[in-house]
Amino acid sequence: ARHMQERTRRSEQNRDKANQPRLIGNSPNDSTLREIAVIAHFSKDQRRFQPEAMQIGEHGDPGRHRYRFSGTYRRLREEARTLGWLFRQFPLSIEWIRGLDVCSSELATPNWMFVPLFRHVQAQAEHAAGILSSRFGRELPPLRKTAHAGEDFIHLLTGLRMIDESIELFDLREGDRLGHGLALRI
């Protein structure tokens with residue numbers, strides 16, 4: 001009977017360990033353990049800002065599709081929808097995908113264009129987190145966000161405005177990140 005009790009206790013401990021986030025480090029007692037996670041990147045158009053970018057037929061031209069940056073937006077909207085679908089269909093994926101990032105040249109494609117995409121993905125992530133909480137009792141912090149702003153600017157005030165817009169539009173909070181922010185001169 002004692003042998004069966006010990007075996008049951010070990011089995012319960014192993015099950016509890018399996019339900020914990022996977023951590024890496026030098027040893028189980030290492031205080032520098034880290035959570036393994038994936039950050040979803042929304043990359044801006046790679047073309048550098050040039051006066052020609054706003055001319056007819058370029059990605060900043062509103063004429064062909066009725067609004068500026070429509071080609072880039074439609075491409076990224078599909079990425080956001082796919083990520084949202086993943087969270088809806090496989091709620092456990094929210095344990096691995098822990099952040100969103102908007103990156104690349106902000107002069108080529110402005111950050112404000114990404115706001116509805118971030119909001120859509122965040123809503124789906126909150127839904128998935130709610131499922132994990134109600135079904136499995138797992139509480140997860142919200143997705144973290146990184147906005148690269150204030151790194152490409154023609155004038156210092158433009159860089160500062162881009163930083164301010166990103167903080168406000170992406171609703172950056174504690175735990176979120178402002179990428180580079182060179183205009184702050186910090």
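Keep in mind it's a predicted model, so treat the numbers as computed, not measured.
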### Task
Show the numbers, then the answer: is there a salt bridge (charged side-chain N to carboxylate O under 4.0 Å, His left out) between E165 and R161?
CA-CA 6 Å; E165 283 178 355; R161 179 182 54 81; 2.8 Å; yes

### Task
May I ask you to check whether F170 and F114 place their ring centres under 6.0 Å from each other?
no

### Message
When you compare the side chain of P110 with that of M162, does any pair of heavy atoms fall below 4.5 Å?
### Response
no

### Query
For atom CD of E168, is the number of surrounding heavy atoms from other residues, nucleotides or ligands below 6.0 Å larger than 12?
no

#### Entry: T109 side chain near F42 side chain, heavy-atom distance below 4.5 Å
no

### Query
With no hydrogens and no angle check, do the side chains of R88 and H127 hold a donor and an acceptor under 3.5 Å apart?
yes

### Message
Less than 4.5 Å apart, side chain to side chain, heavy atoms only: is that true for H120 and R77?
### Response
no

### Query
Taking all atoms of both residues into account, what is the closest heavy-atom pair of G150 and F153, and its distance?
O-CE2, 3.3 Å

### Query
In Å and rounded to the nearest 0.5 Å, what is the CZ to CZ distance from R98 to R144?
7.5 Å

### Task
Output yes when R74 and E78 qualify as a salt bridge under the 4.0 Å nitrogen-oxygen rule, no when they do not.
no

### Task
Could you tell me whether the side chain of L83 reaches within less than 4.5 Å of the side chain of L100, counting heavy atoms only?
yes

### F118 side chain near L143 side chain, heavy-atom distance below 4.5 Å
no

### Query
Which atom pair, heavy atoms only, marks the closest approach of I94 to A129?
CG2-N, 4.5 Å

### Message
Looking at every heavy atom in both A147 and V102, which two are closest together, and how far apart are they?
### Response
CA-CG1, 3.7 Å

### Task
State whether a side-chain donor-acceptor pair under 3.5 Å links H148 with N111.
no

